[in-house]
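Reminder, nothing fancy here: chain letters follow the sequence lines and each chain counts from 1.
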Number of protein chains: 2
Amino acid sequence: MEFKEAKNKFVQTWGALGSQWGINKTMAQIHALLMVSHEAVSMEDIMEELQISRGNASMNLRALMDWGIVYKEYKAGERREFFTAEKDLDELAVKISRERSKREIKPALKVLKEVSSIQSDNTEAEKHFVDQTTKLYDFVLKADNVLDKITEYKDNWLAKLVVKIMK
Amino acid sequence: MEFKEAKNKFVQTWGALGSQWGINKTMAQIHALLMVSHEAVSMEDIMEELQISRGNASMNLRALMDWGIVYKEYKAGERREFFTAEKDLDELAVKISRERSKREIKPALKVLKEVSSIQSDNTEAEKHFVDQTTKLYDFVLKADNVLDKITEYKDNWLAKLVVKIMK
DNA sequence: ATAAACTTTCATTTTTTTTTGAAACTTTAA
DNA sequence: TTAAAGTTTCAAAAAAAAATGAAAGTTTAT
């Protein structure tokens, strides 16, 4: 396999993986492309490589920047904007984890708390509902906290976790 | 909030959360419904509660059973099939984690290994590509292994992890 | 063996999500 | 200023994903 082929395969695979985890394909592909690019890439070049429209590129770059995992770069004497991805994988994972927690887990926890708080001195069905949603609330909260704690180590958290787990 | 309202809110929220994580809405909703149901539920009742077609119910129940998180149940003297969800949350998380690893992470690792193995005594761009994909391979492999190790504790793994992390 | 009761399948339709592209907007240089 | 070079926005189109429903398939009881 030669470089161009390998790069393309990587971008396609990352895109597919993204879809399966609820991230749109193009967004994941742009991210993949930037991750393996040595230098910052212009929007024009992203459009060209991925064969996508200007609007698509612009919107997904914006989204990636909102996630905090892609940065704008300005080159001296260049009018155009260039883009780079966060390349440190520990940092990348921390940012994704934080964002998903903030955008998805926290709101879900709020709902879980609400629905598990209904009055239910009534039927078996109601008792079971309250019991199960309470357990779910506790579980998700605990998992969310553990993730937060783990990623707090910041530098090299995954390696540190490995050590903690194994011993 | 009364029971019916709370139950509906939970089902809708779980469905939306599923979508954001790459699981189709109905599949997540059926799962939610079964999780908080005291007794096994018939397909008819699922269709009724979620206002979905027979085909949709059938296909998503099949998918949930393939994931190993929903079970068929037979009631004595009843022709119809009934369904229940895995209600132990530790077990549920282990199963989802195992399946996603098998279906998505392992194939991705295979591709990462392939593309990071190209020959590249060439340009800076190629060197960076190989370097970054190698790092990514190592990271994903390590993360996959850690998850596997954590869930190996089986019983109460999350609580045990909390203890390990905090001390 | 038959038919009633129920489930599965899959071509078609519907819905949802993503993408496009052109107009509006912004920035920079002359 | 002004116009060139670039970026963003968003209504409309396209593509992808999910849902429908009726026919085919199963199972069970008689």
Side-chain angles (χ1 to χ4, degrees), chain A residues 11-34 40-67 70-84 100 103-104, chain B residues 11-34 40-67 70-84 100 103-104:
Chain A
V11 169
Q12 296 305 321
T13 304
W14 210 237
L17 200 64
S19 303
Q20 291 175 311
W21 287 81
I23 284 125
N24 106 37
K25 195 183 65 179
T26 304
M27 188 167 151
Q29 286 183 343
I30 294 178
H31 181 247
L33 182 62
L34 295 180
V41 183
S42 70
M43 201 154 94
E44 208 71 41
D45 287 348
I46 293 171
M47 289 163 57
E48 167 66 23
E49 279 223 52
L50 302 180
Q51 289 291 303
I52 57 173
S53 70
R54 189 171 295 285
N56 198 4
S58 174
M59 282 168 74
N60 281 299
L61 281 166
R62 153 81 31 234
L64 284 164
M65 288 188 293
D66 289 347
W67 277 73
V70 159
Y71 315 113
K72 241 183 210 172
E73 241 176 46
Y74 298 94
K75 288 196 187 175
E78 267 278 16
R79 177 67 183 286
R80 291 175 302 164
E81 298 170 340
F82 291 80
F83 301 89
T84 8
R100 293 207 91 145
R103 296 179 192 207
E104 297 150 19
Chain B
V11 169
Q12 297 305 322
T13 304
W14 210 240
L17 201 63
S19 302
Q20 292 175 310
W21 287 82
I23 283 124
N24 104 39
K25 193 184 64 179
T26 304
M27 188 167 153
Q29 286 183 342
I30 295 178
H31 182 247
L33 182 62
L34 295 179
V41 184
S42 70
M43 203 155 93
E44 209 70 40
D45 288 349
I46 293 170
M47 287 162 57
E48 167 65 23
E49 280 224 52
L50 302 180
Q51 290 290 303
I52 57 172
S53 70
R54 190 171 294 286
N56 196 4
S58 174
M59 281 168 75
N60 282 299
L61 281 165
R62 154 80 31 234
L64 285 163
M65 289 189 292
D66 290 347
W67 275 72
V70 160
Y71 315 113
K72 243 184 210 171
E73 241 176 47
Y74 298 94
K75 287 196 188 175
E78 268 277 18
R79 178 66 185 286
R80 293 174 301 166
E81 299 170 337
F82 292 80
F83 302 89
T84 7
R100 293 207 92 145
R103 296 179 192 207
E104 296 150 17

Chemist: Quick one: CZ on B:R80 to NZ on B:K75, what's the gap to the nearest 0.5 Å?
Modeler: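 Output value for this atom pair is 8.0 Å.
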Chemist: Using 0.5 Å steps for rounding, measure from the NZ atom of A:K72 to the CZ atom of A:R62.
Modeler: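 The CZ atom of A:R62 is 6.0 Å from NZ of A:K72, to the nearest 0.5 Å.
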Chemist: In this structure, which one of B:N60, B:L34, B:N56 forms a side-chain contact (heavy atoms from CB on, under 4.5 Å) with B:I46?
Modeler: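 Passing option: B:L34.
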Chemist: Could you tell me whether A:E48 atom CD has more than 12 heavy atoms of other residues or ligands within 6.0 Å of it?
Modeler: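 No - once you tally the heavy atoms of other residues, nucleotides and ligands closer than 6.0 Å, there are 12 at most.
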Chemist: Determine: side-chain N/O of B:K72 to OP1/OP2 of C:dT8, distance under 4.0 Å, yes or no.
Modeler: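 For B:K72, the contact criterion (side-chain N or O under 4.0 Å from OP1 or OP2 of C:dT8) is met.
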Chemist: To the nearest 0.5 Å, what is the distance between CZ (B:F83) and NE2 (B:H31)?
Modeler: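 Nearest 0.5 Å value for the CZ-NE2 distance: 14.0 Å.
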Chemist: In residues 22-29 of chain B, which ones come under 4.0 Å of DNA chain D, going by heavy atoms?
Modeler: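 Within this stretch, B:N24, B:T26 sit under 4.0 Å of the strand.
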Chemist: Rounded to the nearest 0.5 Å, how far apart are CD of B:Q12 and NZ of B:K25?
Modeler: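 Here the interatomic distance stands at 7.0 Å.
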Chemist: Evaluate side-chain contact (heavy atoms from CB on, under 4.5 Å) for A:I30 paired with A:I52, printing each intermediate quantity in order.
Modeler: CA-CA 10 Å; A:I30 294 178; A:I52 57 173; 4.3 Å; yes
Chemist: Kindly compute the distance separating CD (B:E73) from OG1 (B:T84), expressed to the nearest 0.5 Å.
Modeler: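 B:E73 atom CD to B:T84 atom OG1 measures 3.5 Å (nearest 0.5 Å).
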Chemist: Side chains of B:W21 and A:W21, heavy atoms from C-beta outward: is any pair under 4.5 Å?
Modeler: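 The answer is yes, as the side chains (C-beta and beyond) meet within the 4.5 Å cut-off.
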Chemist: So, taking the atom named CG in B:N24 and the one named CD in B:Q29, what distance separates them when rounded to the nearest 0.5 Å?
Modeler: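 So the CG of B:N24 and the CD of B:Q29 are separated by 9.0 Å.
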Chemist: Can you list, in residue-number order, the parts of residues 41-56 of chain B that come under 4.0 Å of DNA chain C, counting heavy atoms only?
Modeler: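 By residue number: B:M43, B:R54, B:G55.
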Chemist: Counting only heavy atoms and a strict 4.0 angstrom limit, can you tell me which residues of residues 75-83 of chain B come near DNA chain C?
Modeler: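 Those residues are B:R79, B:R80, B:E81.
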